Trainee: 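Got a structure for you, written out below as structure tokens; questions coming shortly.
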Amino acid sequence: MDVSPADSSYSARDKRIKSIISFCHELQGQLAGRGNEQALKKWTEELEKQINAVKSYSLKSPGSRRHAQLDSIGTDLWNRCVQIRRQDDSGTSPERKRLLTLARIFSFLILALAQWGDHNTPVDLLRLEKLAIKAGRSCIVDGELKFALMTLQKAAEYNGLLQNLQTKLPEEDLRASKRLEIEYLTLRITLAWKEDRLDVADHVYEKVLKIKDSTDPVSAECLADSLFEVGKDLTAKKNFSLAAKWLERAYEFLNSQELDLLSREAIELRLAISQALVRAYLNTNTPDGFQKAENHVHYVESEIGDKLVVLLLRLELLLSSPAEVFDSSAYAEILQRMIRSLDISEPSFNLMIHHIRKLDDKSPSLASSVLDSFLTSKVLPTQHDAWVERVVVLRTRMATAHRDTHETIQGLAIMFDSVEANLEKPLTAAVVLAVQTLIWKRVDASFNHEDMDIAERWCHVARHPALRHCGPANAAKIARKLLICALQRNHLDSAVEILQSMKESVRREPMTLYLAFKLALRCGDHEAASECLRQISEVSSKDPQYIYACCIDAQEAEDKICAIQALRHLIERSEYDCPDAVHLPALLRVVIRLETSLLDSQGQTNADCQSLIDDICQIFEGVVTTIQRDPRDGQGNKLFTVEELNWFSKNSYNLGVKNMRIWHLRQTVRVFQCCLSIISQYPQDIPSQAAEDLLLRGMFCNFLVATACIGLARGEDNIEIQLQDYLTMRKHVEAFDARLEARMDTLDEASKDDLQEKLSILLVFDFEGAICLKS
């Protein structure tokens, strides 16, 4: 049986429809599951092939039964895609998202295929255009620009068919048709922008202008939002002149509507467009652009008044002006207006801080004033710890970052007064540390420049009650610096007050004791100075630096008594066991020189001098003890070299001879005995001439000690002490005799006669001693 061509064509068409329906069922089953990436990719590729095939189909008369089948399966697939898209979470893979997008396009093409060709009703056309627009929007959002163009072309076809039927359309359908047309044009502009085809976007916008007057507020808002996105993108690409053009279009289109009919979101969009437009004008960096920006701000201000957005735009205008003509006062005045109208929140707080920093770059004094106002009127009333702390640290940083003036420091102190008076909880230790660290840098800088007045003022701010949680170490550090400044300026009364204001534990710290010693020196208070030295010696026995410093200060002040006391403490506390830190021979020489110098300057008759002479004797006796221990430095070298021994032996001998007629005999005996003990510590390998000199010096010491002892014994009432003096005398006579016997062969006649004469005198003394001792 022959098959006619018409039947053959119908059979092929019917087969294609069955194939499409079958594929739709399989696709829905795939969309319901969560196939792996490989399966998703395979289905996506197959779906693309199906789309490319279906878009070219034309079924002029599919038959009512087939029409219903295609419409039903297409509708089911469309709804299924929408449902799944809503259910899928944000973690959906890109491949699955693409599959859903393509499935939506495919479902639209099936619905388009299901219609009756040229016999579509207006309701069908409206439905198809609406679906085409939705599919196109979905493609644009998902980046499927090729398919977006295809679906929007379909929308254009349906729109053209509807245009031909306008005279026959009911009023409701006519409004729907116009709304869909503006939606289509909006998406077409967006697509052209995404494709970087702004020439096409311009062409489409010309079509928009023709229906501008008939556009409803909702559609106008959508179009303005799309134009706004184009302008923002061009701004990001720094094409500011073109950005301004598209932003102007967005603003003008919204303005063409009745403002009272616009939604709240549309009003906010209008303000956002205004802000972006002003920035675009300013970024063109042309006089014309600046003038346009200023005009636009004036226009917006005339509309909405002194609102935050207007003030922000004014700030942008000021910031865009050349640095040499920047109006700091106007900028500060706008910030003050913002503070008055501001509802404080985290964003508004950050906004104010940002602009105050900007002003600080131009005018630190005005910025500080604005920040103080912000703190007092807005931040402190909230009792929001984080905000208060940020403002306090910023205000301190601003004050310490610029030139030191009394006004700057006073302003910071007033700010702390406000914080202390209005903040319910004190500032935390971490914030106080940050503040005091900033202030301390200024204290150090001022001190190093010898600007003690400024340094003192900074220290007083650092001790403000609002910063009381600074910790004892920081409080002591600041108080000591304040004390140093007072000493440097010789404000002794102030220094005494500062010292007395410190806690007892702080006053007992070595550094504080050292400063107290300096103060006592300045005040001439030897008793207080002596007490400070005693306490320093106790608390820093292993570290001689503070005692050393006291020695230097006392010498610079020419206070020999305090210098001697300091040196004595250093000697006593060192116990001669830290040769690397204390060079004992030099230290002992200095003490002896100072004490002998003081003795010479005071005269040698009063009780204080007798005590001083005893101290000198005690120092020499300490020298003897130290030499006998043979101390060495870190490299193992002797501290008391021959040169050192020479100095101590000669000076002890000379001191005794010089003061023989002035000092008490027992003091003379002590110093000569020290000389003899030092002579005994010389090494055996010294030159012969030096050895002879030492032997002769020792004989003279023996003679003088024996002479002194006989005098002491004769005048002593205490029998026990008297006998001891005789015994000492006889030992020295014996030693003299032995030394003379050893040198008899080397002496010239004159020396021999002199020494023998001395020996004869000593023998008389020795006879007297022997009788008294009954020897």
Side-chain angles (χ1 to χ4, degrees), residues 346 349-350 352-354 356-357 360 364 367-368 371-372 374-376 378-406 408-449 451-486 498-499 501-512 514-515:
E346 190 67 32
F349 174 84
N350 291 331
M352 284 302 307
I353 294 298
H354 168 76
I356 289 171
R357 287 180 187 275
D360 186 48
S368 297
L371 186 57
D372 289 343
F374 183 50
L375 174 67
T376 304
K378 293 294 181 180
V379 178
L380 282 174
T382 68
Q383 296 296 319
H384 192 295
D385 294 342
W387 293 347
V388 174
E389 290 170 357
R390 282 182 61 188
V391 172
V392 167
V393 173
L394 176 60
R395 181 66 177 84
T396 307
R397 183 176 286 111
M398 288 164 60
T400 57
H402 303 289
R403 188 169 61 89
D404 296 324
T405 64
H406 292 177
T408 300
I409 300 171
Q410 183 63 25
L412 186 62
I414 291 172
M415 185 274 293
F416 283 125
D417 289 341
S418 181
V419 170
E420 176 65 8
N422 296 286
L423 194 62
E424 294 175 0
K425 293 191 294 184
L427 295 172
T428 62
V431 172
V432 173
L433 176 61
V435 167
Q436 289 191 335
T437 299
L438 292 169
I439 295 175
W440 187 256
K441 291 178 181 178
R442 299 313 311 160
V443 172
D444 267 350
S446 303
F447 189 83
N448 292 337
H449 287 93
D451 193 345
M452 298 303 151
D453 180 45
I454 292 294
E456 271 190 358
R457 289 173 180 269
W458 279 121
C459 285
H460 282 300
V461 173
R463 298 182 82 193
H464 195 282
L467 305 176
R468 56 185 172 276
H469 287 316
C470 62
N474 280 346
K477 180 180 178 182
I478 295 165
R480 281 195 289 265
K481 184 64 80 171
L482 200 53
L483 179 55
I484 292 170
C485 291
I498 295 165
L499 184 62
S501 71
M502 295 181 185
K503 294 182 178 179
E504 179 64 27
S505 58
V506 176
R507 288 203 297 268
R508 284 190 56 79
E509 291 177 8
M511 184 60 184
T512 312
Y514 164 66
L515 295 175

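Everything numeric here is computed off the predicted structure, so don't read it as measured data. Heavy-atom basis, side chains included; hydrogens, waters and symmetry copies ignored.
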Trainee: Mind checking the CG-CZ spacing from N474 to R463? Nearest 0.5 Å is all I need.
Mentor: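 Answer for the CG-CZ pair, N474 versus R463, is 12.5 Å.
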Trainee: Evaluate the side-chain proximity of I356 to M398: yes if any heavy-atom separation is below 4.5 Å, no if none is.
Mentor: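 M398 reaches I356 side chain to side chain.
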Trainee: Looking at W387, is its backbone amide N or carbonyl O close enough to the side chain of R390 to form a donor-acceptor pair, meaning the two atoms are under 3.5 Å apart?
Mentor: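 Not a single qualifying donor-acceptor pair exists.
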Trainee: State, with a plain yes or no, whether a side-chain heavy atom of K503 is found less than 4.5 Å away from one of P472.
Mentor: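 Counting from C-beta outward, K503 and P472 never come under 4.5 Å.
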Trainee: For the residue pair V432 and A466, what are the closest heavy atoms and their distance?
Mentor: CG2-O, 4.4 Å
Trainee: Has S446 got a side-chain atom pairing as donor or acceptor with V443's backbone, closer than 3.5 angstrom?
Mentor: no
Trainee: Could you measure the distance from the CD1 atom of I439 to the OG1 atom of T400? Nearest 0.5 Å is fine.
Mentor: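 So the CD1 of I439 and the OG1 of T400 are separated by 7.5 Å.
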Trainee: What's the spacing between I478 CD1 and L483 CG if we round to 0.5 Å?
Mentor: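 The CG atom of L483 is 14.0 Å from CD1 of I478, to the nearest 0.5 Å.
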Trainee: Drop me the distance from C470's SG to L427's CG, to the nearest 0.5 angstrom.
Mentor: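 Answer rounded to 0.5 Å: 11.5 Å.
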Trainee: Would you say the side chain of E456 lies within less than 4.5 Å of the side chain of L482, judging by non-hydrogen atoms?
Mentor: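 The answer is yes, as the side chains (C-beta and beyond) meet within the 4.5 Å cut-off.
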Trainee: Keeping the roles fixed (side chain from E424, backbone from Q383), state whether a donor-acceptor pair exists under 3.5 Å.
Mentor: no
Trainee: Any heavy-atom pair between the side chains of H469 and V431 that's under 4.5 Å?
Mentor: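 Result no, sub-4.5 Å side-chain heavy-atom pair not found.
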Trainee: Is the shortest heavy-atom distance from the side chain of E509 to the side chain of R480 under 4.5 Å?
Mentor: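 A side-chain contact under 4.5 Å exists here.
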Trainee: Hey, does R457 have a side-chain heavy atom less than 4.5 Å from the side chain of V461?
Mentor: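 No, side chains not in contact.
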Trainee: Look only at the side chain of T512 and the backbone of R508, and say whether a donor-acceptor pair between them is shorter than 3.5 Å.
Mentor: no
Trainee: Which pair of non-hydrogen atoms, one from C459 and one from K481, has the smallest distance, and what is that distance?
Mentor: SG-CG, 3.7 Å
Trainee: Could you tell me whether a side-chain N or O of N448 sits under 3.5 Å from a main-chain N or O of D444, the two making a donor and an acceptor?
Mentor: yes
Trainee: Could you give me the CA-CA distance, side-chain angles and deciding distance for Q436 and L467, then say whether side-chain contact (heavy atoms from CB on, under 4.5 Å) is met?
Mentor: CA-CA 8 Å; Q436 289 191 335; L467 305 176; 4.0 Å; yes
Trainee: Is the side chain of H354 donor-acceptor paired with the backbone N or O of N350 at a distance under 3.5 Å, no angle test?
Mentor: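 No, because the side chain of H354 does not come within donor-acceptor range (under 3.5 Å) of the backbone of N350.
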Trainee: Taking all heavy atoms of I498 and all of S501, pick out the closest pair and write down the distance.
Mentor: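 Closest heavy-atom pair between I498 and S501: O-OG, 2.6 Å.
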Trainee: Can you check whether I353 reaches L371 side chain to side chain, under 4.5 Å on heavy atoms?
Mentor: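 Yes, their side chains come closer than 4.5 Å.
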Trainee: Show me the pairs that pass ring-ring contact (aromatic ring centres under 6.0 Å, His included) and involve residues 414-443, at least two apart or across chains.
Mentor: F416-H464
Trainee: How about CZ on R357, more than 12 heavy atoms from neighbouring residues, nucleotides or ligands closer than 6.0 Å, or not?
Mentor: no
Trainee: With a sphere of 6.0 Å drawn around NE2 of H449, does it hold more than 12 non-hydrogen atoms of other residues, nucleotides or ligands?
Mentor: no
Trainee: Would you check if D385 and K425 make a side-chain contact, meaning some heavy-atom pair closer than 4.5 Å?
Mentor: yes
Trainee: Rounded to the nearest 0.5 Å, what separation is found between the CZ atom of R442 and the CD1 atom of I454?
Mentor: 9.5 Å
Trainee: So which atom in M452 and which in C485 form the shortest heavy-atom distance, rounded to 0.1 Å?
Mentor: SD-SG, 4.1 Å
Trainee: How long is the span from the CG atom in L499 to the CG atom in L515, to the nearest 0.5 Å?
Mentor: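 Separation between the atoms: 8.5 Å.
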